[in-house]
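Worksheet: one structure, shown below.
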Amino acid sequence: MSAQVKLAASILAADFARLGEQVAEAEQAGADRIHADVMDGHFVPNISLGVPVVRSLRPVTKLPLETHLMITDPALFLDAFAEAGSDTLLVHWEGNCNLHRTVQHIKSLGKRAGVVINPATPANVLEEILPDLDQVLVMTVNPGFGHQPFLNTTLAKIRRVRQMIDELQPLCELEVDGGIDVETAPLAVAAGANVLVAGTSVFADPAGVSTAIRRLRASIL
Ligand code: DX5
Ligand code: ZN
């Protein structure tokens with residue numbers, strides 16, 4: 001099981017002055033994909049990066065780029081992120097009145113579609129949309145900031161989502177995002193996660209990105 005767990009390096013914790021280098025380092029160290037957090041200062045109380053950053057990263061890495069849209073109107077920006085080079089578009093369930101349409105829009109662009117749920121959102125809201133998804137992302141912190149502590153209360157929900165995926169859409173990935181490190185990664189994997197997003201524990205480890213990724217992998221062996 002843990003051999004199949006994938007690691008998505010979240011660039012929010014990277015040094016933006018040398019983003020290309022940091023992404024290359026993560027790729028060389030064996031990260032499976034790059035996770036880009038887009039925030040608009042409305043959907044979450046923070047502003048991060050947008051389309052130009054994804055476009056600049058596309059030619060510097062062979063890894064898949066997944067784009068986590070923490071913005072009020074994700075549907076307005078799907079085409080732009082797809083054109084810029086995103087392989088997966090992750091949209092929140094919260095505040096999305098037309099989720100089915102948004103997911104179909106992502107698929108019509110030929111991209112992988114994922115739905116994200118916040119810590120206070122129950123697993124069962126995913127039931128009807130799950131058959132259409134390539135990925136579910138369970139937030140293990142409140143979205144908006146890196147370097148927050150993992151919320152243990154989300155573990156029971158990860159287990160519930162795992163059960164739903166196994167029943168309804170076994171190929172769908174179950175990703176977790178927030179506070180993932182050598183202590184919490186094994187808990188999330190034991191609960192059923194098979195993709196781990198990690199920002200701080202990859203890019204802010206004083207031992208460097210390669211050592212950090214090696215340690216994370218070792219924690220889930
Ligand atoms: C939080 C973002 C995360 C963030 C995780 O809103 O969605 O992807 O980068 O950061 P860490 O790994 O530092 O908790
Ligand atoms: Zn994220």
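Atom set for the values below is all heavy atoms of this structure, side chains included, hydrogens, waters and symmetry mates excluded. In each ligand, atom 1 is the first atom listed, and ligand 1 is the first ligand listed.
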Point to revise | F81 side chain near V51 side chain, heavy-atom distance below 4.5 Å | key: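 In contact.
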Point to revise | Backbone or side-chain N or O of Q148 under 3.5 Å from ligand 1 N or O | key: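 No.
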Check your understanding: Is G179 in polar range of ligand 1, meaning some N or O pair under 3.5 Å apart?
Key ->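 For ligand 1, there is an N or O atom that lies under 3.5 Å from one belonging to G179.
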Point to revise | Where F145 and M39 come nearest, the two heavy atoms and their spacing | key: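 Where F145 meets M39 most closely, the heavy atoms are N-CE, 4.2 Å.
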Point to revise | Nearest heavy atoms of V60 and G20, plus distance in Å | key: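 In this case the closest contact between V60 and G20 is CG2-CA, 4.3 Å.
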Just need the protein heavy atom nearest to [atom], so name the residue and atom and give the distance.
atom                    : answer
atom 10 (O) of ligand 1 : G146 CA, 3.5 Å
atom 6 (O) of ligand 1  : G144 N, 2.8 Å
atom 12 (O) of ligand 1 : G199 N, 2.8 Å
atom 1 (C) of ligand 1  : F145 O, 3.4 Å

Measure from the Zn ion (ligand 2) to every N/O/S atom of [X] and report the name of the nearest one.
X    : answer
H68  : ND1
D37  : OD1
D177 : OD2

Run the contact test for [X] against ligand 1 with a 4.0 Å cut-off on heavy atoms, strictly below, and give the result.
X    : value
A198 : yes
A13  : no
V141 : no

Show me which atoms of ligand 1 lie under 4.0 Å from any heavy atom of [X].
X    : answer
H35  : 8 (O)
T200 : 11 (P), 12 (O), 13 (O)
G178 : 14 (O)
D37  : 2 (C), 3 (C), 4 (C), 7 (O), 8 (O), 9 (O)
M139 : 7 (O)
V197 : 8 (O)
H68  : 7 (O)
H147 : 11 (P), 13 (O), 14 (O)

At what distance, to the nearest 0.5 angstrom, does [atom1] of [X] lie from [atom2] of [Y]?
X    : Y    : atom1 : atom2 : value
N46  : D37  : CG    : CG    : 9.5 Å
L65  : I11  : CG    : CD1   : 8.0 Å
F150 : D177 : CZ    : CG    : 11.0 Å
L90  : M70  : CG    : CE    : 9.0 Å
E175 : E66  : CD    : CD    : 4.0 Å
I165 : Q135 : CD1   : CD    : 9.5 Å

**Study point:** Within reach of ligand 1, part of L12 (heavy-atom separation under 4.0 Å)
**Key:**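 Answer for L12: side chain.
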Review point. Hey, is S10 touching ligand 1 through its side chain, its backbone, both or neither, going by heavy atoms under 4.0 Å?
Key: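 S10 to ligand 1: side-chain contact only, backbone stays beyond 4.0 Å.
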Exercise for review: Compute whether any side-chain donor of one residue and acceptor of the other, for N118 and T121, lie under 3.5 angstrom apart.
Suggested key: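 Short answer, no.
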Exercise for review: Applying salt bridge (charged side-chain N to carboxylate O under 4.0 Å, His left out), run through D32 and R217 and close with a yes or a no.
Suggested key: CA-CA 12 Å; D32 297 294; R217 291 235 189 259; 3.0 Å; yes
Exercise for review: State plainly whether the residues D87 and R58 are in salt-bridge range, i.e. N to O under 4.0 Å.
Suggested key: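 Yes, charged N to carboxylate O under 4.0 Å.
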Review point. Under the criterion side-chain hydrogen bond (donor to acceptor under 3.5 Å, both in side chains), which of K111, R112, E173 is the partner of T88?
Key: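 The side-chain hydrogen bond (donor to acceptor under 3.5 Å, both in side chains) with T88 is passed solely by R112 among K111, R112, E173.
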Review point. Any idea which of D177, T140, N46, T184 brings a heavy atom closest to atom 7 (O) of ligand 1?
Key: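 Heavy atom nearest to atom 7 (O) of ligand 1 belongs to D177.
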Practice item. Could you tell me whether Q163 atom CD has more than 12 heavy atoms of other residues or ligands within 6.0 Å of it? Key: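 No, the 6.0 Å shell around CD holds no more than 12 heavy atoms from other groups.
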